[in-house]
Each structure stands twice: as C-alpha cells, then as structure tokens.
Amino acid sequence: MEKKVRVRFAPSPTGPLHIGGVRTALFNYLFAKKHGGDFLLRIEDTDQNRFVPGAEQYIIEALTWCGIVPNEGVGFGGDFGPYRQSERKPIYKKYADQLIESGFAYYSFDSAEELDELRKQAEAEKQVFSYDLHTRQALKNSLTLSAEEVQARLAGGEPYVIRFKMPENRDIVEDDLIRGRVSFNTNQLDDKVLFKSDGMPTYHLANVVDDHLMQITHVIRGEEWLPSMPLHILLYESLGISENRPQFSHLPLILKPEGKGKLSKRDGDKMGFPVFPLLWKDPETGDISRGYREDGYFPEAFINMLALLGWSPGTEQEFFSVGELVESFDLSRVVKSGARFDPEKAKWFNRHYLQQKSPAELAGLFLPILNEKGIDPDRHRLERIVGMIQERCEFVKDIWTQAHFFFQAPESYDEKTVKSKWKTDTNVKLQAISALFETVSEWKAESIKEVFSVFMTAKEWGFGAVMVPVRLALVGSSSGPDLFEICELIGKEETIERIKTAIIKIN
C-alpha cells in the first residue's frame, strides 16, 4: 500500500516569517492537499540563542491569515507531537549515542576559542579552515584521544559536541524532485555538529530524527538547504532508517525586483513594499516592519501572487483560487532558477481580487475606515458610492482616496485646475447654477442632469466651462465619477453649500 503523503513546514522562531517562508509553506500545503495528505507545522527552536519572543505566534497567525492551515502541529494538535523541538529534547540523545556507538560520529572537545584561532590562521594563509576528514586527526576529539581520556573528559563535565564522521571520497547522488539528479562528494563536506553537551541537538540531527518519527514522506524546502542534503541522506543511512527516508525537493530563491540576489527586508524598505505577511514589531528595538495584511492586501491575492513565484501551471491562467491551485499544482512545474519578485504585480493581483468583490462586500470592509473617522453612513448610500469608484481602486483604503468628498466637503482646491478653468466670469455662472439647483424638485441624478442641460443650452454656455468648476467646488479636483451622481449622493443642500463656499474661497 502506498504511504500517505506527509509534509512539514519547519520554521525557526527567530523573527518574522519572510514571504519566501510563506511560499515554502504554501507549496507544502498544495502538495499535501493535491495528494490527499497531511501538512504539519513544526517549530525548530533548537538554537535558543536566536529565539525571538512572539515569533512563533507570528508564524501561526501568518499561516492562518493566508489560509495555509496545518492539519497538525504547534497550535493545531496531532498524534505525532510534541511539534516544538525544544520539547523533544530527550528524544535526540538516543540517536546521537547510536551514531557514536556505531562509529558514524565522534566526540569533539575543541573549544570555540581554539577553533576561532585555527580559522584566523587559515585566513592569514588565504585558506579556509574546515573541521573535516583532512583536519580531524590533528584535533582534540575521540578519534585522536584514548578511550580513557575521552571518558575522563565526559565524566569531568567538559563541554563537547558530537560531530558526524563524514566518510572519505563517497559520491552522494540524489534525484531531487525539482532539480533532477544532484551529486556531492564527501571529500568536500565538513564534519557537522549534531549534538551539544547542553543536551540540545543541532538542526541537522533534529531535522532528520523528527522527519523520521513524524513519518514525513516529502521534504519541500528552500534551496539554501540543498548543501545539507548529503549529510541528511548519510544520517538516514547511518541510523539504519534509509528505507523510510523522504524524497527531497529544493525550491528556488525569491529574488530582488532587479533580479540579482535574494529578496530582503532592506529591498522592501528601499522600494516601499512589505516582505513579511503581517506587520512585525521587533521586541528588542521596537522597529516596525510592514506586512501585506496591514498594507491592505487580500490573503487570496497574496497567495495567488506567491504561488506563481517559481511555479507555472503550464497554461496562460494567472488567477487561481486555492482549490484551483491544489488541482493544478505539480512539483515538476517548479523552476530551478530564482524567481524575480515584482511589487507592482502584487498590487495588480490585489486589484483583480478587489474588482471581483461586490459593492456590498467592499462597503463592509470600508466601513471600519469611515467609523475611525467618526463617519457612520447610510449603508445603501455607501454601497452605491463604492460601486461608483470601485474600478479606480487597488486596495480598500483607496476607496477613501477616491471617495472622501462624498463624506466631507473639500478644504482646498486643485491649484492647477483653478488656474486653467476658473475664469473671470466663473463666479457669476456658478451663482446661476446654484440658483438653478434650488429649483430642482426631484433630486435625482437624471433630473438634475436634465435641468442642467436645458439651462446650459438656453444660455449657450460651453458645458466644460461650467461642469469643471462645479466639479472643483464639489470634489476639490477635476477628477471623480459622474458629476450628477455626486450631486445626488451628497444631497441638494450640501451641493448648493459647496458651490457657494467655492465661489467665496476661490474668488
């Protein structure tokens, strides 16, 4: 019987979740759903020195906002817990000891200071120091010390690490589901630390042990972990669990908008776009980083944009619901090369999803912005207003930019329009229009337009010479939706009052 697909997203709680991490979670989620499998959230917090308060909760909230909800994991329960590595501490020692006993790993007693000195010496000679099969025999470890001395050091509580003993001159070959066949020679690899004397494993050991115990079938992660793959394969082999090891897939990087180098927070700060799903406040410095949610992006637009960074459906289709993404997703269609991030494309996606929403739904989303400004409009009127200016907007907050004049009279007037359109006789003409509007009995857009047109034709005034100044009086600029719709929606008294105010202010 074929094994049930089980994948995991395993971030470290060292700060906010980068959109590259969100995309990794998304691709894992889509793969799991496509194959009727499980998607797990595991928190890899073995490096307690880099732990940042609030980061774990941020990860959970971000995934939930995106709709990438795990079947199991930290915050979601499940039968394979605990899902936080710091709570699995007793599990790892057994596997570290097994590797020591079978000769695949060894104790190393070299201090951090001693290793730093060796690195500096190598640097002075324009070399790079590596703790590996070429140097291990000259260092302080259980391969060079007697068994009695090793035991004495351990019994005396001397700090140590357990390192993997990288075999000599072996080619580790793997068929990556995205990159195809990749090969590494062990002579080029160092003896990575697997376990420390404080009882905490490093990423490498914990990762392999947890994936094994949690029955992970596929590891889908960023390409920065590709160099770790040969060690992980050797760990599965050395622990005697190769039969059940997962298949590997390494996702391409998300690149800067100009295409060179990995997308960073600095790029977002410089170019004015977020690189995190949610707003993040650094607990130490108090610095605030923007988030897609707080910037007004819809989660469905954010996810649609991310899905197409490094993956192609093989068709011209660009807009996908989550269900359609699940149906279309295939790891074979993930590209090997980096995917360039385009902040304008992100806005384009958001605009599309905003245009798909009904005026009623958008009015509901816009209402809190009005309420914050002390405005509590009639709901039917609000829906009409939203429907009129919806096509001009990319974000819900743009509705205020496009429609503020429906709720408050302009405090200033566009200087350029005043200079070009407000002539010496404009005041006289607007006074006449103001008097005309007093006579309109049915204050509806069509009626107002009809009365206005008859009047203008009789006077033989050019429509542009009057309509632009009227719009300027009502809106404060020369832009906006249909003038007579504006008149109807702000009301007869307000329309006349704004015209009179403009005559006084602009004059």
Side-chain angles (χ1 to χ4, degrees), residues 19 22-23 25-27 29-30 33-34 61-69 254 272-279 290-329 333 339 341-372 375 377-404 406-407 479-482 485-486 489:
I19 62 169
V22 181
R23 188 195 59 174
L26 173 64
F27 284 11
Y29 175 86
L30 296 176
K33 297 301 171 195
K34 174 72 179 275
E61 191 178 340
L63 293 180
T64 303
W65 175 70
C66 293
I68 309 171
V69 182
I254 296 179
F273 62 85
V275 296
F276 303 128
L278 316 179
L279 180 143
R290 291 162 59 185
Y292 277 85
R293 180 178 67 181
E294 289 74 16
D295 266 25
Y297 285 82
F298 298 119
E300 57 268 35
F302 177 63
I303 286 301
N304 197 157
M305 176 270 292
L306 272 187
L308 294 173
L309 279 176
W311 170 78
S312 162
T315 66
E316 295 299 308
Q317 185 177 347
E318 289 196 275
F319 301 112
F320 291 84
S321 66
V322 173
E324 288 171 327
L325 284 173
V326 168
E327 197 176 316
S328 305
F329 190 74
R333 301 207 68 87
F341 179 75
D342 182 353
E344 291 307 310
K345 195 73 181 273
K347 291 178 186 175
W348 180 77
F349 273 107
N350 208 68
R351 175 182 170 78
H352 169 80
Y353 282 95
L354 186 142
Q355 301 309 324
Q356 301 305 303
K357 294 187 184 298
S358 68
E361 188 179 356
L362 274 183
L365 294 170
F366 179 52
L367 195 56
I369 294 174
L370 289 178
N371 292 162
E372 272 182 28
I375 300 167
D378 171 77
R379 188 62 184 254
H380 176 69
R381 176 173 173 265
L382 178 60
E383 287 176 20
R384 270 193 65 190
I385 291 168
V386 168
M388 286 169 66
I389 53 85
Q390 181 172 352
E391 65 179 28
R392 301 164 183 258
C393 302
E394 287 180 333
F395 299 95
V396 171
K397 62 190 174 190
D398 294 344
I399 298 174
W400 175 256
T401 307
Q402 297 292 339
H404 60 90
F406 283 108
F407 309 100
S479 62
D482 180 79
E485 293 276 359
I486 294 172
L489 284 163

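Throughout, residue positions are numbered sequentially from 1 according to the sequence presented. Since the structure is predicted, the reported quantities are computational estimates derived from the model, not experimental observations.
Looking only at side-chain heavy atoms (C-beta outward), Leu63 and Tyr29 stay at 4.5 Å or farther from each other. With contacts defined as side-chain heavy-atom distances shorter than 4.5 Å, the pair Cys66/Leu26 does not qualify. The closest side-chain heavy-atom distance from Pro481 to Ile385 is not below 4.5 Å. Using a 4.5 Å heavy-atom cutoff, the side chains of Phe302 and Ile19 are in contact. Looking at heavy atoms from C-beta onward, Ser328 lies out of side-chain contact with Leu30 at the 4.5 angstrom threshold. With a 4.5 Å cut-off on side-chain heavy atoms, Ile68 and Ile303 count as touching. Considering only heavy atoms from C-beta on, Asn304 stays 4.5 Å or farther from His352 through its side chain. Side-chain contact check for Leu382 versus Phe407: some heavy-atom pair is nearer than 4.5 Å.
Arg351 places a side-chain N or O within 3.5 Å of a backbone atom of Glu391 that can act as its donor or acceptor partner. Between the side chain of Arg333 and the main chain of Trp311, no donor-acceptor pair closer than 3.5 Å is present. Tyr292 places a side-chain N or O within donor-acceptor distance of the main-chain N or O of Pro274, the cut-off being under 3.5 Å. No donor-acceptor pair closer than 3.5 Å links the side chain of Glu394 to the backbone N or O of Lys347. A donor-acceptor contact shorter than 3.5 Å is absent between the side chain of Glu318 and the backbone of Phe349. Gln355 contributes a side-chain N or O that, together with a main-chain N or O of Cys393, makes up a donor-acceptor pair within less than 3.5 Å. The main-chain N or O of Pro359 is never found under 3.5 Å from a side-chain atom of Arg384 such that the two would form a donor-acceptor pair. Proximity of a side-chain donor or acceptor of Lys33 to a complementary backbone N or O of Gly323 within less than 3.5 Å is not detected. Without hydrogens or angle criteria, Asn371 side chain to Ile375 main chain gives a donor-acceptor distance under 3.5 Å. A distance-only check finds no donor-acceptor pair linking the side chain of Arg293 to the backbone of Trp65 [under 3.5 Å].
For the residue pair Met388 and Leu489, the shortest heavy atom distance occurs at SD-CD1, 3.3 Å. Tyr297 and Ala346 get closest at one heavy-atom pair: CE2-O, 3.5 Å. Closest approach of Gly310 and Ala339 over heavy atoms only: N-CB, 3.5 Å. When all heavy atoms of Val22 and Pro277 are compared, the pair lying nearest together is CG2-CG, 3.8 Å. In terms of heavy atoms, Phe27 sits closest to Leu309 at CZ-O, 4.1 Å. Closest heavy-atom contact between Leu367 and Pro377: CD1-CD, 3.8 Å.
When ring centroids are compared, Phe298 and Tyr353 stay outside the 6.0 Å threshold. Ring pair Phe319/Trp348: centre-to-centre distance below 6.0 Å.
Here Glu361 contributes atom CD and Ser358 contributes atom OG; the two are 5.0 Å apart, rounded to the nearest 0.5 Å. In this structure, the separation between CE on Met305 and CZ on Arg23 is 11.0 Å, given to the nearest 0.5 Å. The line from CG of Leu354 to CD1 of Ile399 is 6.0 Å long, rounded to the nearest 0.5 Å. Between Gln402 atom CD and Ile389 atom CD1 the span is 6.5 Å, to the nearest 0.5 Å. For the atom pair Glu300 CD and Lys357 NZ, the distance stands at 4.5 Å (nearest 0.5 Å).
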* To do: Go through Trp400 and Leu370 one step at a time and tell me if the side-chain contact (heavy atoms from CB on, under 4.5 Å) criterion holds.
  => CA-CA 8 Å; Trp400 175 256; Leu370 289 178; 3.7 Å; yes
* To do: Output, in order, the C-alpha distance, side-chain angles, deciding distance and verdict of side-chain contact (heavy atoms from CB on, under 4.5 Å) for Asp342 and Phe273.
  => CA-CA 10 Å; Asp342 182 353; Phe273 62 85; over 6 Å; no
* Test side-chain contact (heavy atoms from CB on, under 4.5 Å) applied to Asp398 and Arg392, step by step -> CA-CA 8 Å; Asp398 294 344; Arg392 301 164 183 258; over 6 Å; no
* **Check against side-chain contact (heavy atoms from CB on, under 4.5 Å), Leu308 and Lys345** => CA-CA 11 Å; Leu308 294 173; Lys345 195 73 181 273; over 6 Å; no
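The environment of CD in Gln317 is crowded: more than 12 heavy-atom neighbours from other residues, nucleotides or ligands sit within 6.0 Å.
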